[in-house]
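For clarity, every value in this text was computed on a predicted model and none was experimentally measured. In what follows, chains are A, B, ... by sequence order, proteins preceding strands, each numbered from 1.
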Amino acid sequence: MKSFHSLLIGSALIMIFSLSGFAQSTPQVFRGAQIIPIKGAPIENGVLVVQDGKITAVGDANTRIPRNADVHDVSGKVIMPGLVDTHSHIGEGSGGDRSAAMHPDVRIMDTINPRSTSFNKARAGGITSVNVMPGSGHLLSGQTVYLKLREANTVEDMLIYLDKDKTIYGGIKMANGTNPIGNSPFPGTRAKSAAMVRALFVKAQQYKAKIDEAKGDESKMPARDLQMEALVEVLEGKRTVHHHTHRHDDILTAIRLSQEFGYKVVLQHVSEAWKVADEIAAAGLPASIITLDSHGGKLETLDISNGNGAALEKAGVLVGMHTDDGITDSRLFLRSAAMAVREGMSRQKALESVTIANAIMMDIDDRVGTLERGKDADFLILTGDPLSVYTHVEQTWIEGKKVFDRNNEDHKKYATGGYDVFRAAAMHTHHEEGGH
Amino acid sequence: MKTLRLILVLIPALLLSGYVAEAQIAIKGETVYTMAGNPIQNGVVLVKDGKIERVGANIQIPNGYEVYEAKVVTPGLIDAHSVVGLAGYMNQPHDQDQLETSSAMQPELRAIDAYNAREVLVEHLKNHGITTVHTGHGPGALISGQTMIVKTTGQTVDEALVDSVTMVAFTLGSLNRNITRPGNRSKAIAMLRQELIKAQTYAQKRASGENNSTDLGMETLVDLLDGKVRALITAHTATDIMTALRLQREFNFPLVLDGASEAYLLVDEIKAAKVPVIIHPTMIRPGGEARNASMETAAVLYKAGIPIAFQSGYEGYVPKTRVVLYEAGVAAANGLGSQAALEVLTIDAARLLGIDKNVGSLEAGKDADIALFDGDPLEYITNVSHVFIDGVKVK
């Protein structure tokens, strides 16, 4: 009778909470794993508590476990933050066409297929946040999109908003070197490439000046120009430039342009970074590198080195990494970090380079990239050391929801591949057209 | 003055020593994978005159042997199918010799005429412990040409050569877009069958004395039909794998399957045909013909008892070559296991290529091709510390 009473009271309480809109989800507790929070030392036999999509506690075995929690014993496993990829081509999107060399108005967001199996592939590799970009066959191929790899029905379900008004959810893609060079309207040389970019940004500065002069007076505002509007966001530091650049001199050109116009830039690929690591450090710019199993394949990568990570770390540069999927495989993103360690990068910086460093480059480090109280509950359960070839991503969680489970055969196939797993439409082939 | 004289004396001596393969070397390994029996803990490999002299646990190192130490010692690794030396790292028209597109079938093209022993990617493989490579004409044409086996050393193809004509490379399925014929799969097979029948007729006419003129392409296909060289048929889809087996039954030539992305669908058929498989790179991009590739296929075939080997394959962009050491690691982690992966990388590949008498294991009398590692060879963070080919330190 007494228990019946408490059941009634309990039900009433639940109803009240539900009605009030303050209903909290059941806390999820992951206990017994080694936790690599990225910020701070690894915690043996740790406890991770998540609720309502956020991390509510990270600590050692003495961490208080909420009474009503679902407790998962993950002894013997390793937990680390979900991976952040600064440069990928998953999602079947596209950027500017061949009508011009620069397309600041073009949004890859309008072309993303949220059902693409390439997203499942990335989840299987432990990627939870990603910068999806148009290709590098243009000086400026369009606006990139920052996505959370939530289970999604629409692209809006995946967007990571950078501003309160929810108008900015990505950066802008630029490229120099040989990829954007071609027949008119594309530039024929490197100097012409830089001149075209400068002319565009000078125009954007003038457009911005008109807006500033209008001081909010609608009648004095310049006519709306989508290209200029995106570039004003770049000039105001609201939209980051992701600059594809390989050769040492092209890297310096990318730095020079960013300094002239004062925009935020992430140097992408930086294949010859080891030659100009000190110059990158002096400019105070972040660099996102790629791992390749051999040099060559194109003239600009003859001197690429998997020692770039070590060289940049030594110079004091903020080092991130990317898959450039399909150049490297999202399922093997942790491998990139390990290959950098093979060539001398520190273990800590290598792990940061696939998590918090990339989050900083995308201005989302207040939300993701480490396991800290208050951050999004984006984390991985690994079968072992993140840098070991034998380790698998066992589970990928995003905002407290499990989006990949290797023990589920319907999910595992995205990790291993197999018959009819990856649909042809999901395959990214634009590198054959000179895209990367 | 005295030091200067000493240096002057030493320089020629050092230069000379570079050419001497007769150095006596002792390699101590915490673990020595001989691939002939169980791994030996705290083993020693003695090398003399370019050959392995002795391998064992309790070996007294004789005087005069140069000693090297490593955590792990393995036989030199074998890349069972590559295009290095023909497909250069610049990826420019002048250094791409793995595929001739002027005709769909050119079995007469020899690999030795196109191999650049000084190519950067050959050195790249060597620095990863790969000492033997089966390389040559790549996939893309119905019959693209011949393959050969080289060591990843030497300044000329002659210095590198192990076997000058090893296989004839065929491709089923989609061909290079610059080759205009055939237009589809069934036409391709009709053309191939006609060409092989032509070779049968050619052989008959040569035997009867009816024809004494020489056709280089026909000569190569006759060698294939006579079993003197093998067919290396690149086929990824189940349809194309079955076609390869069907052709082999019809013309009775020795066959090695290559790529074989969907081989997991046809384990019984491949096993019944007693055909070995040079499996696609484990990390192959799951697109095009290989869209259904699985990282677990190496394990599936191995467990079924089908002989397999790893390949770096052909890459059209970046990376310009893959590295079998890396492909083996990912296969090991996807069901194959590290011991089996190391066997496939060495002795199994040697057997598949028919060179196991000389390479593939650490046994007395074999070539002193040896790789030294500072940890588990398959781990991402392990480095290759030294590489020996024919008893000469090449890294």
Side-chain angles (χ1 to χ4, degrees), chain A residues 117-118 121 271 290-302 304 324-329 331-332 334-345 347 350 383 385 387-392 412-424 426-429 431-432 434-436, chain B residues 84 87-92 95 119-121 124-125 128 177 238 261-262 264-265 281-288 290-297 299 312 315-323 325-335 337-338 341 374-376 378-383:
Chain A
T117 52
S118 60
K121 183 170 74 163
S271 298
I290 185 167
T291 286
L292 291 177
D293 285 4
S294 68
H295 39 188
K298 61 186 281 182
L299 290 174
E300 292 179 318
T301 59
L302 296 185
I304 194 172
D324 198 6
D325 192 322
I327 294 297
T328 74
D329 196 317
R331 296 173 290 175
L332 296 160
L334 278 169
R335 177 176 186 267
S336 294
M339 296 300 272
V341 172
R342 182 190 192 106
E343 299 297 331
M345 197 177 191
R347 195 184 158 82
T383 56
D385 176 0
L387 300 183
S388 169
V389 68
Y390 303 108
T391 293
H392 291 298
K412 187 194 168 193
K413 66 183 183 184
Y414 294 113
T416 59
Y419 197 77
D420 216 16
V421 173
F422 299 117
R423 302 302 170 98
M427 283 317 297
H428 161 75
T429 53
H431 66 269
E432 286 169 9
H436 291 268
Chain B
V84 291
Y89 91 134
M90 291 187 186
N91 208 13
Q92 299 299 303
D95 75 343
E119 165 57 39
V120 168
L121 295 178
H124 185 69
L125 296 192
H128 284 85
R177 68 184 75 159
S261 289
E262 296 176 12
Y264 52 80
L265 298 174
T282 321
M283 293 183 274
I284 196 169
R285 296 180 180 113
R291 64 190 169 278
N292 293 328
S294 165
M295 293 183 188
E296 294 183 320
T297 305
S312 55
E315 292 293 333
Y317 193 52
V318 297
K320 191 56 187 163
T321 187
R322 293 182 178 276
V323 178
L325 174 63
Y326 300 152
E327 304 303 329
V330 177
N334 282 278
S338 60
D374 63 7
D376 176 348
L378 301 177
E379 272 291 10
Y380 294 142
I381 63 169
T382 295
N383 274 288

S.K.: Contact part of B:Leu378 toward chain A, heavy-atom cut-off under 4.5 Å: side chain, backbone, both or neither?
M.R.: both
S.K.: Would you call A:Glu343 and B:Asn383 a side-chain contact if the rule is heavy atoms closer than 4.5 Å?
M.R.: yes
S.K.: Could you tell me which portion of B:Ser312 (side chain, backbone, both or neither) has an atom closer than 4.5 angstrom to a non-hydrogen atom of chain A?
M.R.: neither
S.K.: Measure from NZ or CZ of A:Arg335 to the centre of the six-membered ring of B:Tyr326 and say whether it is under 6.0 Å with the direction within 45° of the ring axis.
M.R.: yes
S.K.: Give a yes or no on whether the backbone of A:Asp293 and the side-chain of B:His124 come within a donor-acceptor separation of less than 3.5 Å.
M.R.: yes
S.K.: In terms of heavy-atom proximity below 4.5 Å to chain B, should A:Arg331 be classed as side chain, backbone, both, or neither?
M.R.: side chain
S.K.: Does a side-chain heavy-atom distance below 4.5 Å link B:Asn334 with A:His392?
M.R.: yes
S.K.: Between B:Thr382 and A:Arg342, what is the shortest heavy-atom contact and its length?
M.R.: O-CZ, 2.9 Å
S.K.: Measure B:Asp374 against the heavy atoms of chain A and call it side chain, backbone, both or neither at under 4.5 Å.
M.R.: neither
S.K.: Would you find a donor on one side and an acceptor on the other, under 3.5 Å apart, between the side chain of B:Ser294 and the backbone of A:Gly418?
M.R.: no
S.K.: So, for A:Leu387 and B:Ile381, which heavy atoms are closest and what is the spacing to 0.1 Å?
M.R.: O-CG2, 4.3 Å
S.K.: Is A:His295 reaching over with its side chain to a backbone N or O of B:Pro319, donor-acceptor style, under 3.5 angstrom?
M.R.: no
S.K.: Find out whether B:Arg285 and A:Asp329 are in side-chain contact, i.e. whether some heavy atom of one side chain is under 4.5 Å from a heavy atom of the other.
M.R.: no
S.K.: Below 4.5 Å, heavy-atom pairs only: which of B:Leu121, B:Thr282, B:Val318 has the largest tally toward chain A?
M.R.: B:Val318
S.K.: Looking only at atom types and distance, does a side-chain atom of B:Tyr264 sit under 3.5 Å from a main-chain N or O of A:Tyr419, one as donor and one as acceptor?
M.R.: yes
S.K.: Salt bridge or not between B:Glu296 and A:Lys412? Use side-chain N to carboxylate O under 4.0 Å.
M.R.: yes
S.K.: Pick from A:Ser388, A:Ser294, A:Ala338, A:Gly417: which one has the most heavy-atom pairs with chain B under 4.5 Å?
M.R.: A:Ser294
S.K.: What part of A:Ala340 is in contact with chain B, defined as an atom under 4.5 angstrom from a non-hydrogen atom: side chain, backbone, both or neither?
M.R.: neither
S.K.: Quick check: does any side chain N or O of A:Thr416 sit under 3.5 Å from a backbone N or O of B:Met295, one acting as donor and the other as acceptor?
M.R.: no
S.K.: At a 4.5 Å cut-off on heavy atoms, which part of B:Leu125 comes close to chain A: side chain, backbone, both, or neither?
M.R.: neither
S.K.: Is any side-chain heavy atom of B:Tyr89 closer than 4.5 Å to a side-chain heavy atom of A:Thr301?
M.R.: no
S.K.: Please name the pair of heavy atoms, one in B:Asp376 and one in A:Tyr390, separated by the smallest distance, quoted to 0.1 Å.
M.R.: OD2-OH, 2.7 Å
S.K.: Going through the distances and angles, do B:Tyr380 and A:Met339 end up as a side chain to side chain contact (heavy atoms under 4.5 Å, CB included)?
M.R.: CA-CA 6 Å; B:Tyr380 294 142; A:Met339 296 300 272; 4.2 Å; yes
S.K.: In Å and rounded to the nearest 0.5 Å, what is the NZ to CD1 distance from B:Lys320 to A:Ile304?
M.R.: 15.0 Å
S.K.: Counting heavy-atom pairs under 4.5 Å to chain A, which of B:Thr321, B:Val323, B:Val330 comes out on top?
M.R.: B:Thr321
S.K.: Check each atom of B:Glu262 against the heavy atoms of chain A and say whether the ones under 4.5 Å are side chain, backbone, both or neither.
M.R.: side chain
S.K.: What distance do B:Tyr317 atom OH and A:Ile327 atom CD1 have between them, rounded to the nearest 0.5 Å?
M.R.: 5.5 Å
S.K.: What closest approach, in Å, do A:Leu299 and B:Gln92 show between heavy atoms, and which atom pair accounts for it?
M.R.: CG-NE2, 3.4 Å
